[in-house]
Trainee: 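Dumping the structure here so I can ask a few things about it.
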Amino acid sequence: MGNTMLEAAQHQWHPIASSEELEYRHTFHGQLLGREFAVWRADDGNVNVWENRCLHRGVRLSIGINDGTELTCQYHGWRYANRTAGCTYIPAHPADSPARTICNRTYPAVERYGLVWSGEAPQGDPPGVALLDGTDVLSLRPIPVNADLETVHRQLTAYVFQPNEGLDGAKAAVSVETSGDLSIGLSSVSGDCKTQAVFFLQPVDSDRTVIRGVLAGMPAHKAQLDVLHHHNERLSALRERCEAEASQLPQPEKLQPVIQPVSEELAGMPEQSTSGRNADLRVKIARKWSTAEGIAGFELVSIDGQLPTFQPGAHIDVHLPNGLVRQYSVTNGPGETQSYKIGVKREPDSAGGSQCLHDDVREGDVLAISEPRNNFPLRRDAVKTLLIAGGIGVTPILSMAQALYHTGLDFELHYFAQDDSHLAFPDILETLGDSLHTHLGLDPEETEQCLEGLLADYQPAMHLYVCGPGPMLETTRHTADRLGWPDQAVHFEYFKNTHEIDDSTSFEIALSRSVMTLQVPAGTTIMDVLRDNGVSVPSSCEQGACGTCVATVLEGEPDHQDVYLSETEKKRGDRIMTCVSRSKSARLVLDI
Amino acid sequence: METAVIERSACADSVLLNDWHVVADLSALNSERPFETRLLGTDLLIHGAGDRVRIERKCDSGPVQISKKYGFLWACLGDPDRDILHIPEAFETDRFIVTGGSIAVGVSGLRAVENFLDMGHFPFVHTGWLGEEPHTEVPSYKVEITDQDEVLATQCRFFQPVASPTASGGIMANYEYKVSRPYTVALYKTNPVHPDRMDYIALFVQPVDEEHCIAHPLLCYLKDNTNEAELRWFMQLIFAQDKPILENQLPKRLPLDPRAETPIRADASSVFYRRWLRHHNITYGAITAPQ
Ligand code: FES
Ligand SMILES: [Fe+2]
């Protein structure tokens, strides 16, 4: 094959598989111009045509496992996502947050005439073939031939076959209707019968070509096998002629398609992450299920030993395969120490944390998580406890409710949700008996009225715990305040800090115990400055919602920007969330 | 289209030409029929067995030096620069010294060495034996170049469902790996019965040509916990599991360009190995890095 022809072939569309060859959950090995492809159909119908090499150590992905949504490499279990070919999981480092995008090379794929079309860098649309348009087609079994494209092309122009309806009729007259570099259209006539066919040539390598024939018009069902058989025989004979001819020619040099190098950034070995979010535990997803509309439940079991103890209200950091770290409350009841159960709501407009858990992570996967931390502790000395949950905010509340229930303490759980189908963990709710009160489908105004009723008669030693979406939390806190609940009796947990953080100030911090004075410039957090100077700071949400990064203030006036501390606590000014809050005074002395 | 032509030239690396390589397991030879093999692209015929062994080149009359050690027949195509690797463990009397697991693999011998250094594939390729999901994590370990110019990985730990051919139940196994020559690698592994001592496996990889090799394992296992038949069986099982994966690596030669593949922390030993090969200008079985 001449070099110019090769050059041209690179920019053309070629059939690389028949649609039938892409069986359910199968991975197909395709090849074109010396380049190998892993071709697989996901359960959503999408056809993936990828470079046939795992980016890790070059193992062929065509021997990988197609689970319907991802392709898993056989060597080290790296997983690549449908469509993007981005790597979603590296089992050797379940805790890693690889801030890198490892993405395999993909090629376009179009299905037409029962064939999958692709190419190195094809231009425009796959070729339309007038002979085949507007009619049913039957694709023949692909015939691989150990001969170059030109030889096969030449032989095919002399291919003789009988029309579908006249397999046993008089010898057909076959004429060439169309002829291009990569396809030949033939028409066969015998008596009244006529069949047209197009034979596509797939240049697998310089010395190997696959013939993919497509007949215009679908023969009657019963005759199909006979037609296929007829072509099989004739094309096999043609193959032999081609191979005999090609063996007389000098052996062409095999094509060596260039494999793109990975990016500079990927070539280096990543360092272990040094963030203060620890991820000491390895857990396996023992169960993943849909617990309510848009909410997935995950049961996490330890892969090496016992999970640490949690308390009601505790959360864990989950390190996701896509590099994000997210906090989820443990929903377990007391004594349920074999696993952690968490609930994850799909947030369509999030940065991808919940989506990753919903779409990519599955049963059997290993995740890295932090030990449970409790910044939302439950007092057990209340005469009565009111638990108020909105939507997915029910997760820490569930743990609390079960704890209270089991110890026989007086409590009510008020669960606000859209409707029945949105009530998460119905199996747990069922166990709470009369303590559970659901409030379904209320608008903000109705919610406020309802809360007013619930909070109406505050008695000393009552405690209120609330978790839910920001606006509902604000309403609850204000209502409680208005109705005489003291600040210390109102406990809340935000999912996230939605306030805009003002980090334009600069100030000085003095660390009393480590005897250091450091500058915090605008745009940098206290936490960053501490870490840059070797002071380790535990953290979790890093947005002022969870309370993990708290530090004690000895001197100076904090500029609170978190949603963790209550108003009273903020006024006291003796604690600060170092991840978002800053200083109003020029200098802040911290007990660190 | 850019095309690169694979060159199948003879070996030009004097380090390899002037070194000893295993070319046969002595027990596989017999005096009736000559044994054919190939070393560094050179076809060889091995005549005789036992005490009377002779090697000749098939295509020319050039010399071949021969030696016998550790149950193997060794050959050197040039003038040996150094002795066959000394393995103290092979002389300890409380160990079984076992060969018989030689296996031909259609991939560069350097890829085979790298696979031997790699713990990350245990749960996927040696499922149920050397690893098992979900215990897939490769904890960080140390790699260094020793004073003797070897690549040494220490403090390697990996969960192993079966501690040894005779043990039952999972353990955290401790490993140490050492690459002492380009095609020679060894591992030390804590013995499950004598935690203070280590079992030893050397892998002598015969570079048949740039894209084919024969891996010749030598096991020096403490006798206490096993027997020779079981060891041989286990070793053959493990290597048979690696073979189909290795034969599906693209390209077949080991790329030394850091941008050819994507290393992760678990691959620290292979990163060192590749760097060390670059440093020693090894080209045979490799795709050299662009300058
Ligand atoms: S080569 Fe594919 S996961 Fe390692
Ligand atoms: Fe292996």
Trainee: Is it the side chain or the backbone of B:P139 that comes within 4.5 Å of chain A heavy atoms, both, or neither?
Mentor: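 The answer is neither part of B:P139.
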
Trainee: Sequence neighbours left out, what passes side chain to side chain donor-acceptor pair (under 3.5 Å) with A:H26? Give chain and number order.
Mentor: none

Trainee: Under a 4.5 Å heavy-atom cut-off, does chain B meet the side chain of A:I63, its backbone, both or neither?
Mentor: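 Contact with chain B is through the side chain of A:I63 alone.
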
Trainee: Where does B:L246 contact chain A at under 4.5 Å (heavy atoms): side chain, backbone, both or neither?
Mentor: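 Only the side chain of B:L246 comes within 4.5 Å of chain A.
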
Trainee: As an exercise: rank B:M119, B:E133, B:E114, B:E247 by heavy-atom pairs under 4.5 Å with chain A and give me the winner.
Mentor: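 Of the options given, most contacts go to B:E114.
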
Trainee: Tell me, do B:F124 and A:P91 make a side-chain contact under 4.5 Å, heavy atoms counted?
Mentor: yes

Trainee: Compare all side-chain heavy atoms of B:D118 with those of A:H76 and state whether any distance is below 4.5 angstrom.
Mentor: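 Sidechains of A:H76 and B:D118: in contact.
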
Trainee: Report yes or no: do A:R57 and B:T262 form a side-chain donor-acceptor pair below 3.5 Å?
Mentor: no

Trainee: Non-hydrogen atoms of chain B under 4.5 Å away: do they reach the side chain of A:Q260, the backbone, both or neither?
Mentor: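 Contact with chain B: none, neither part.
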
Trainee: Answer yes or no: is there a donor N or O on one side and an acceptor on the other, between the side chain of A:H93 and the main chain of B:I264, under 3.5 Å?
Mentor: no

Trainee: Tell me, side chain or backbone of A:V59 under 4.5 Å from chain B's heavy atoms, or both, or neither?
Mentor: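 It is both, since atoms from each part get that close.
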
Trainee: Does one side chain, of B:N115 or A:Y75, offer a donor that lies under 3.5 Å from an acceptor on the other?
Mentor: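 Yes, A:Y75 and B:N115 have a side-chain donor paired with an acceptor closer than 3.5 Å.
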
Trainee: Are the side chains of B:E261 and A:R53 in touch, meaning some heavy atoms are under 4.5 Å apart?
Mentor: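 Heavy-atom side-chain distance check passes, below 4.5 Å.
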
